[in-house]
Amino acid sequence: MQKLPYIIPECFVDTNVVQTLIQRKGVNHQMTCSQVISSMSKGKLADEFAVGIIDADKKEPPSIKDFNTIIGKSQEITL
C-alpha cells in the first residue's frame with residue numbers, strides 16, 4: 001500500500017479520522033502542531049503539496065502564521 005507522506009495529521013484522533021475518511025493507512029502522523037508545521041516547511045515537503053491537520057489549540061504556535069492562505073472557514077473547520 002502506498003504511503004501518504006503529504007497528509008500530516010497532528011494527533012492520534014486526527015490520524016484515525018483521516019485514515020477512516022480516506023480509507024487508507026500510512027499518513028505522516030506527528031505528535032504536535034509544531035511538528036506538523038516543521039514537516040510542511042522544512043525537509044522533503046518544503047516545496048511540495050502537503051495537507052497539515054491540526055486542532056485549534058488554546059495556544060497557537062507562532063510559526064502557524066507562515067501558512068496564511070485560508071481556503072474556507074466555518075465554525076467547525078478552517079481550511
Side-chain angles (χ1 to χ4, degrees):
M1 179 182 300
Q2 179 185 11
K3 294 200 179 245
L4 304 169
Y6 53 88
I7 299 177
I8 312 165
E10 170 203 351
C11 65
F12 291 112
V13 172
D14 293 347
T15 299
N16 286 331
V17 169
V18 169
Q19 290 181 152
T20 299
L21 289 173
I22 64 173
Q23 297 195 353
R24 293 181 63 190
K25 294 195 182 284
V27 296
N28 187 359
H29 170 80
Q30 299 296 314
M31 297 297 286
T32 67
C33 297
S34 296
Q35 289 175 335
V36 171
I37 293 166
S38 180
S39 294
M40 293 179 70
S41 61
K42 299 174 183 167
K44 294 179 184 178
L45 295 174
D47 294 323
E48 301 292 328
F49 173 81
V51 176
I53 301 163
I54 61 173
D55 299 333
D57 292 332
K58 292 177 184 173
K59 185 173 180 185
E60 191 174 85
S63 53
I64 193 79
K65 294 184 183 6
D66 294 340
F67 301 93
N68 57 7
T69 302
I70 295 176
I71 297 169
K73 189 171 187 173
S74 73
Q75 285 183 306
E76 294 81 20
I77 191 167
T78 300
L79 302 173

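What you see below is based on every heavy atom in this structure, not just the backbone, and it leaves out hydrogens, waters and symmetry mates. Counting begins at 1 with the first residue of the sequence. Computed from a predicted structure; not experimentally measured.
Scanning for side-chain contact (heavy atoms from CB on, under 4.5 Å) contacts around Cys33 gives Glu10, Ile54, Asp57, Pro61, with sequence neighbours left out. Not counting sequence neighbours, the partners of Gln19 by the side-chain contact (heavy atoms from CB on, under 4.5 Å) test are Thr15, Asn16, Lys25, Val27.
Note that the CD1 atom of Ile7 and the CG atom of Asp14 stand 12.5 Å from one another [nearest 0.5 Å].
Heavy atoms only, all atoms of each residue included: Tyr6 and Phe49 are closest at CB-O, 3.3 Å.
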Output a table of donor-acceptor pairs, distance under 3.5 Å, between side-chain atoms of residues 35-47 and any protein atom two or more places apart or on a different chain; print 'none' if there are none.
unit_1	atom_1	unit_2	atom_2	d
Gln35	OE1	Met31	N	2.8
Gln35	OE1	Thr32	N	3.2
Ser39	OG	Gln35	O	2.9
Ser41	OG	Ile37	O	2.9

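Proximity of a side-chain donor or acceptor of Asn28 to a complementary backbone N or O of Ile8 within less than 3.5 Å is not detected.
Transitive grouping of hydrophobic side chains (ILVMFWY, heavy atoms separated by less than 4.5 Å) brings Ile22 and Ile53 into a common cluster.
Using a 4.5 Å heavy-atom cutoff, the side chains of Leu4 and Val18 are not in contact.
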